Novice: 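Quick one: the structure is below, questions incoming.
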Amino acid sequence: MSHLTDLPVWAAIIVCGLAVLGALVALIGSVGLLRFTSFYERLHAPTLATSGGVLMICTASIICFAVLQSRWVFHEILIIVFVVVTTPVTLMLLGQAALYRDRVEEKRGVPLKQRPPREEPAE
Amino acid sequence: MRTWFPYPLLSVGLLLIWLLLNQSVAPGTFIMGTVLATGLGWVTLKLGLVRSHPRRMLLIVRFGFAVALDVIRSNIAVIAVILRGQRRPPNSGFLTIDLDLDDENALALLACVMTATPGTAWLEYDRHRKSLLFHVLDMENEDVWLDTVRRYETALKEIFG
């Protein structure tokens with residue numbers, strides 16, 4: 001990793017700032033996972049890492065390697081795209097499973113399954 | 001043209017991804033990418049996906065910027081809620097909204113946007129009622145969240161309209 005010392009100071013500051021900030025956001029997301037009390041609140045915390053964290057760390061990586069190789073580097077954008085596209089799949093799955101479990105257990109404060117329109121015409 | 005590229009946008013996207021992954025635009029990479037894009041386009045045809053026609057590039061770009069701003073704002077809001085900690089626990093809750101989106105791809109995009117925004121989590125979409133149940137972390141004002149989703153819905157309707 002000695003070639004990293006070739007990075008000019010201005011770029012090093014930006015790259016370090018973004019990488020540390022992104023890592024911090026991901027850490028705060030994990031802290032949130034620990035601190036929140038209900039399952040549905042916990043669904044929100046990891047998305048910090050998959051939006052803000054990934055965005056900043058990938059931007060840092062783009063800037064770092066673009067400056068080092070003095071050409072445009074774009075393939076980190078693919079990481080952002082894939083993470084953004086695939087997160088809803090797992091989050092929806094978890095959300096639906098939790099919703100199903102809570103409805104079966106008849107927990108309070110959980111919205112009930114809506115009836116089909118023909119059984120309940122006016123609401 | 002349609003027989004060779006049943007999903008033109010998908011094929012172009014696949015080619016772009018291939019070029020980005022290889023980080024080169026050499027003729028060899030280009031040919032390999034084109035072959036893959038065409039082949040995978042045919043495979044996708046077998047899956048029988050719903051076809052939709054996104055229009056008006058300018059609107060898409062504007063929507064992207066609006067979403068990016070919302071994601072940043074929501075990131076900061078959720079960080080504030082977490083750091084605030086036990087002193088003031090978040091006032092979270094469920095919200096239901098009736099959507100008027102028929103296009104499945106528009107719905108998928110809406111799901112991506114709402115998941116990428118840390119403050120909101122997509123829970124359940126009822127196809128028959130066309131209503132969406134979602135969870136909001138900090139419900140200071142219900143109308144703000146409903147307005148946000150409503151705004152996304154109008155934008156997506158214009159794009160996929």
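Lettering follows sequence order; numbering is per chain, from 1. Values reported hereafter were calculated over all heavy atoms of this structure, with side chains retained and with hydrogens, waters and symmetry mates removed. Worth saying up front: this structure is predicted, and the values here are computed from it rather than measured.
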Novice: Most heavy-atom pairs under 4.5 angstrom with chain A, which of Gly119(B), Ala116(B), Gly93(B), Ala108(B)?
Specialist: Gly119(B)
Novice: Tell me whether Glu106(A) at atom CD has more than 12 heavy atoms from other residues, nucleotides or ligands lying less than 6.0 Å away.
Specialist: no
Novice: Count the heavy atoms of every other residue, nucleotide or ligand shown that sit under 6.0 Å from CZ of Phe30(B), and state whether that count exceeds 12.
Specialist: no
Novice: Could you go step by step and tell me if Asp102(A) and Tyr40(A) meet the side chain to side chain contact (heavy atoms under 4.5 Å, CB included) rule?
Specialist: CA-CA 11 Å; Asp102(A) 286 350; Tyr40(A) 302 103; 2.9 Å; yes
Novice: Heavy-atom distance under 4.5 Å to chain B: side chain of Ile28(A), backbone, both or neither?
Specialist: both
Novice: For Arg101(A), does the CZ atom have more than 12 heavy-atom neighbours from other residues, nucleotides or ligands under 6.0 Å away?
Specialist: yes
Novice: Please classify the contact between Ser74(B) and chain A as side chain, backbone, both or neither, with a heavy-atom cut-off of under 4.5 Å.
Specialist: neither
Novice: Please look at Leu133(B) and chain A and tell me whether the side chain, the backbone, both or neither of the residue comes under 4.5 angstrom of a heavy atom of that chain.
Specialist: side chain
Novice: Are Leu132(B) and Leu156(B) linked, directly or through intermediate hydrophobic residues, by side-chain heavy-atom contacts shorter than 4.5 Å (ILVMFWY only)?
Specialist: yes
Novice: Can a donor-acceptor pair be found, under 3.5 Å and without considering hydrogens, that links the side chain of Gln96(A) to the backbone of Leu123(B)?
Specialist: yes
Novice: Checking heavy atoms, do the side chain of Tyr100(A), its backbone, both or neither come under 4.5 Å from chain B?
Specialist: neither
Novice: In terms of heavy-atom proximity below 4.5 Å to chain A, should Val113(B) be classed as side chain, backbone, both, or neither?
Specialist: neither
Novice: Which atom names give the shortest non-hydrogen contact between Leu107(B) and Trp122(B), and what distance separates them?
Specialist: O-CH2, 3.9 Å
Novice: Which bit of Leu99(A) comes within less than 4.5 Å of chain B, counting heavy atoms only: side chain, backbone, both or neither?
Specialist: side chain
Novice: Look at Thr47(A), Val81(A), Thr50(A) and state which one has the largest set of heavy-atom pairs under 4.5 Å with chain B.
Specialist: Thr47(A)
Novice: Could you tell me which of Ile17(B), Leu109(B), Leu19(B), Leu16(B) has the largest number of non-hydrogen atom pairs under 4.5 Å with chain A?
Specialist: Ile17(B)
